[in-house]
Each structure stands twice: as C-alpha cells, then as structure tokens.
2 protein chains.
Amino acid sequence: MEIDTHYINQIEIIINIFTIANGKIKILLFRRDEDPFKGYWMLPSNLLMTSETIEECANDTIYEFSGLKDMHLFQCDVMSKIDRLPNDRILANSLIGILDEETITLKREKRKITSEWFDIDTIPKTVYDHNDIIENAIKMLKNKIKNNELLNIFYPSDFTLPELQLVYEQVFNKKLDRRNFRKKMINLKIVEDTGDKNIGKNGRPPKLYRFTNKEQNFLDI
Amino acid sequence: MEIDTHYINQIEIIINIFTIANGKIKILLFRRDEDPFKGYWMLPSNLLMTSETIEECANDTIYEFSGLKDMHLFQCDVMSKIDRLPNDRILANSLIGILDEETITLKREKRKITSEWFDIDTIPKTVYDHNDIIENAIKMLKNKIKNNELLNIFYPSDFTLPELQLVYEQVFNKKLDRRNFRKKMINLKIVEDTGDKNIGKNGRPPKLYRFTNKEQNFLDI
DNA sequence: ACAAAAGTGTTTTTTTTACACCCATGT
DNA sequence: ACATGGGTGTAAAAAAAACACTTTTGT
C-alpha cells in the first residue's frame, strides 16, 4: 500500500460522555494538568490508529480515561478547520457516549486524571475547540431525547416520573405540569408502571416506571 | 511536524446530494465505468487532502463530478470498518448536500461522467458500502425534514402545496388528507401565500406558497 | 363539454391545557 | 404532628381527523 503524502491525515476521536443523575443531564470532563491550557477541562480523546475502527479507539480511550466500559456510542460531528489546533493539522471526530447512572456508581474507581461531571448548562472553560464540540453534542443529544431515541439507554432499568419530568424540562427548556406529563407518558405508552416504589427518601415514595419497547415516535403531521 | 506512521489515515469525503423534483426526493449518483464494480452506481467522493477542510474538499468534489456549486452541506456519518474497501484502509466521511431544483435546471451542463437522479425508494446497486451510506443519509434527511429543518433549503423560492404534501407523504410514509394538510401548514404559519399561481399545467393552477421564517418546531411535550 | 388537478368548510373525535387537594413516608 | 415530595381527576379549549363537492384551467 502506497500513500500519497498529500492525503495523510491525523484524526483524533473525541468522546462526549453523558449521564443523567437525579434528573440532571451531565457531561464527563477531565482536567488538563500541563501547559498550554493547564487547569482547563477537556473531553477524553486519542489519535485514531490506522489499525483500529473509530469505535475501538473510542472504547479504549474511554477506558483509559475513566475505567468505564461498554458505553452506548454514536457519531456526532467532524471538525476539519485547518487551524483548530495551533501547531498540527488534526481532524476531530466527536462521538456521544451514553452511560446509565447505575453503571457509573458501580465503576467508581480512582484514576490518575481528575475528572468531574458537569451540568450541561454550566460547562467550564475547555481546551482548544472543545467548547464548540460540547455545544454541538448537547444540541444533538437534546434532539435525540426530543425524538424519544435515547432515554431508554440512560435508564435501562427503572426511574421515577418526577425525575423523568426534570429531564424533559431541561430538554424543552420549560416547566411542565406534573399531572399532564404523567398522563401523557402513561397514555402514550412510553412508560409503564413496574409495581415497585423508590423508598428511603424524604416524602411520599415515588412509583417506579420502565420504558416500554415502543419505537421512537416523531412529530407526526 | 512529525507523524507517527501508526496514526496515518486516509479519509474519503463522500457526498449524498439530494434534491426534490415534482415532490419526489431524489439522490444524485454517478456511473462507474471501470472494474471493479463497472456499471454500478456511486456517490461522488475524493480523498481529503491534508491542506483542505472537509467542506472545501466536498465542494471541489461536487463541482468536479457535476459542475454544481454552493450547495448547502452538513455532516452525516463516518465509517471506519477496517475492511470497508477490499485493499486499502480508508475512512469515509459522508456529508449531505441539498440542492434546489431551480439551481439544477440552470446548471444542466454535460459532464464526462454519466449521472442520474434516483428516487430514494429505488436506489440501484452501488459500489462498496455506498448503499449503507445512502441508507443512512436518507434516514437523516427524513428526520431533518420531519423536524422542519430543511425544506426551506430545498425550496428557496416558492412551491405548491400539493407538491409539498407529496414530500411529507414520502417522509412519513403515509397518505395525508389534502384539506387537513393545507389547514395545518397555513394555520401553523409554516407557509404563506405568495399571491401567485403556477399556470401552464393541466388542471386548475395551484397557488404558490413560500416558507415563513419560523424556527424549526419539534415535537413538543 | 370534458378531463385533470386544485381549492374549500363543517362536524366529530382526540389531545392538550389549566387547575388544587389528598397521600405516604421520614423526622 | 409536621414537613417533604408524590399522586390523582375533571372540565374547557385546542387540535386533528373524517369527509365530498366546486372551481379553474387545458384540450
């Protein structure tokens, strides 16, 4: 195999890892501890090797940064501005990874790199163009949730309706009526009662629901 | 700049060009006239050069294949399976390009490569994994139309409601009632009457409409 | 005058909205 | 017993669906 050097490209795979905790959508960022951009936050990333697929690279990268595995992954965006990094010409392929909270709780182990989950409405300063990448990923994530494509991955088991309502309120950016929200989710058969309750917290224990396996339902004409 | 050869990648930029003609959504394919895959159809593509952005590469490729320019372009997908091509390891980045029919009609010039517009429900056999790429692009295109994100680019000037209805019928894959469709489009202020009519065809001349500049409206909760 | 295609209105059904009190648990 | 948060129903308004005849043009 011979390659014309005009066509040599380096590509970094960058992953936006989201989870939902107590109804708040969060993204996992890592602190950079060397200059330039020391103290800034960053998305996990690695250069793609010739011998691996993007999914393999993404999974390895996530594992290396966080110890987490087997995330639901999908394509998000590609950035190719020549000057997106100051010195090298490196393309960026950003992915979205979805983690359910249970998995995170189980795998909470100590890593060398400082990491933190940030609410998606309070993203800190990040290195290079990572703020643009994050902004774009949040947009795609919200759109997918609006189209009922993703919440069953955030919640593989059960959840309460008040928590789910918080998620929708963030995505649609408006307050929803508790009774109407409930009716809608149940009547449209998006969720179903598991019969269990979430005991242990303050106040009346909420019922637990699960997603039915209905296909995504788009805005119908 | 030094590059570790493990991180050398070749990327081809592949463009799915869509237009709408008489209410039918179409994609532009080119005939391959050399083996392997002689006689099969293909999407226009080119290897990305180190010195250009993806958008530059895509625009040049489109122009080289079709003579068309200044298309609305956006990211679609990235394929990285090691064996997607038989001999080389080349990544594919597929984009979607939107053309309005008027522009096409104006630029209809003769090119050396045989090209043809195919209805999106009768895609012919294509080279390599282009059928997968097209299928994916059609899915994304339909989703965007469902979310009212794209039709104003397909129709920069005016159009008739019967034609628009055909588009929605393809996207939602069901027949719509003429009166209800009309009421909805007009009442939701998605379209507005231009005052003109489309004379010259058989039957009563349809009124011409244009899109209002309302922001996209998603399925609301 | 006939064929072709587009335009139009009303009624019924469904969905959405608005709104306030009671219930189950922990302290 | 009180504080906390969760659950529930009904009526009014809005939106969607069902449905058939008339109008304008070309031939």
Side-chain angles (χ1 to χ4, degrees), chain A residues 20-24 146-148 155 158-210 212 214 216-221, chain B residues 20-24 146-148 155 158-210 212 214 216-221:
Chain A
I20 298 178
N22 299 315
K24 300 288 286 180
K146 285 180 187 185
N147 292 331
N148 285 344
Y155 294 109
D158 48 17
F159 51 86
T160 70
L161 284 189
E163 172 164 9
L164 194 68
Q165 184 176 335
L166 286 174
V167 179
Y168 277 99
E169 286 178 343
Q170 282 168 80
V171 166
F172 286 100
N173 199 28
K174 66 178 177 197
K175 280 273 168 213
L176 300 174
D177 178 83
R178 199 157 77 227
R179 279 169 291 195
N180 293 337
F181 177 74
R182 212 163 233 296
K183 257 181 298 182
K184 179 144 183 168
M185 288 293 139
I186 294 168
N187 289 344
L188 288 182
K189 303 233 165 64
I190 295 174
V191 302
E192 61 189 9
D193 198 332
T194 63
D196 293 327
K197 290 181 182 184
N198 199 4
I199 53 172
K201 302 230 181 69
N202 227 7
R204 176 172 177 170
K207 292 186 183 180
L208 288 170
Y209 290 81
R210 72 170 76 90
T212 59
K214 282 194 48 219
Q216 64 193 64
N217 57 338
F218 272 102
L219 164 67
D220 260 16
I221 264 287
Chain B
I20 297 178
N22 299 316
K24 300 288 284 181
K146 286 181 187 184
N147 292 331
N148 286 344
Y155 294 109
D158 49 17
F159 52 86
T160 71
L161 284 190
E163 172 164 9
L164 194 68
Q165 183 176 337
L166 286 175
V167 179
Y168 276 100
E169 286 178 343
Q170 283 168 80
V171 166
F172 286 98
N173 199 28
K174 67 179 178 196
K175 281 271 169 215
L176 301 173
D177 178 83
R178 197 156 79 228
R179 280 168 289 193
N180 294 337
F181 177 76
R182 211 164 235 297
K183 256 179 298 182
K184 178 143 184 170
M185 288 293 140
I186 295 168
N187 290 344
L188 288 182
K189 302 235 165 60
I190 294 174
V191 302
E192 60 189 9
D193 198 333
T194 64
D196 292 329
K197 289 180 182 186
N198 199 3
I199 53 174
K201 301 230 180 67
N202 227 6
R204 175 172 177 169
K207 292 185 181 180
L208 288 170
Y209 290 81
R210 72 170 77 88
T212 59
K214 282 198 43 223
Q216 64 193 60
N217 56 339
F218 271 102
L219 165 67
D220 260 15
I221 264 288

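Letters A, B, ... mirror the listed sequences (proteins, then strands); counts begin at 1.
In plain terms, the two heavy atoms of A:Lys201 and A:Asn198 that are nearest each other are NZ-ND2, 3.8 Å. Across all non-hydrogen atoms, the minimal contact from A:Gln165 to A:Leu176 is NE2-O, 2.8 Å. When every heavy atom of B:Leu161 is checked against every heavy atom of B:Phe181, the shortest pair comes out as O-CE2, 3.7 Å.
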*asked:* Is there a side chain to side chain contact (heavy atoms under 4.5 Å, CB included) between B:Leu164 and B:Tyr209? Walk through the geometry before answering.
replied: CA-CA 10 Å; B:Leu164 194 68; B:Tyr209 290 81; over 6 Å; no
*Take A:Leu166 and A:Ile20, measure what side chain to side chain contact (heavy atoms under 4.5 Å, CB included) needs, and give me the verdict at the end.*
CA-CA 10 Å; A:Leu166 286 174; A:Ile20 298 178; over 6 Å; no
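Atom pair B:Leu176:CG and D:dA15:P shows a separation of 19 Å (rounding to whole Å applied). With rounding to whole Å, A:Asn198 atom CG is found 15 Å from D:dT4 atom C1'. Distance CD (A:Gln165) to C1' (D:dG5): 13 Å, rounded to an integer number of Å. Put simply, CZ on A:Arg182 is 16 Å from P on D:dT10, counting in whole angstrom units. If you take CZ of B:Arg178 and P of D:dT22, they are 15 Å apart, rounded to a whole angstrom. Summarising the geometry, the separation between NZ on A:Lys197 and C1' on C:dG26 is reported as 15 Å, rounded to the nearest angstrom. A:Lys184 places its NZ atom 19 Å from the P atom of D:dG7, with the value rounded to the nearest Å. The distance from atom OH of B:Tyr209 to atom P of C:dA6 is 12 Å, rounded to the nearest whole Å.
Between the side chain of B:Thr194 and the backbone N or O of B:Arg210 there is no donor-acceptor pair closer than 3.5 Å. Judged by distance alone, the side chain of B:Gln170 and the main-chain N or O of B:Gly23 form a donor-acceptor pair under 3.5 Å.
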Between protein and nucleic acid, restricted to nucleotides 1-5 of chain C and to nitrogen or oxygen atoms under 3.5 Å apart, what atom pairs and distances do you find?
| residue | atom | partner | partner atom | Å |
| --- | --- | --- | --- | --- |
| C:dA5 | N3 | B:Arg204 | N | 3.3 |

Tabulate atom names and distances for all N/O pairs under 3.5 angstrom spanning the protein and nucleotides 9-14 of chain C.
| residue | atom | partner | partner atom | Å |
| --- | --- | --- | --- | --- |
| C:dT10 | O4 | B:Lys183 | NZ | 2.8 |

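Between B:Leu208 and A:Pro205, the one whose closest nucleotide on DNA chain C sits nearer the 5' end is B:Leu208.
How far NZ of B:Lys207 is from CG of B:Asp193: 5.0 Å, rounded to the nearest 0.5 Å. The line from CD of A:Glu192 to OG1 of A:Thr212 is 6.0 Å long, rounded to the nearest 0.5 Å.
Proximity of B:Lys201 to the phosphate of D:dT27: no side-chain N or O atom is located under 4.0 Å from OP1 or OP2.
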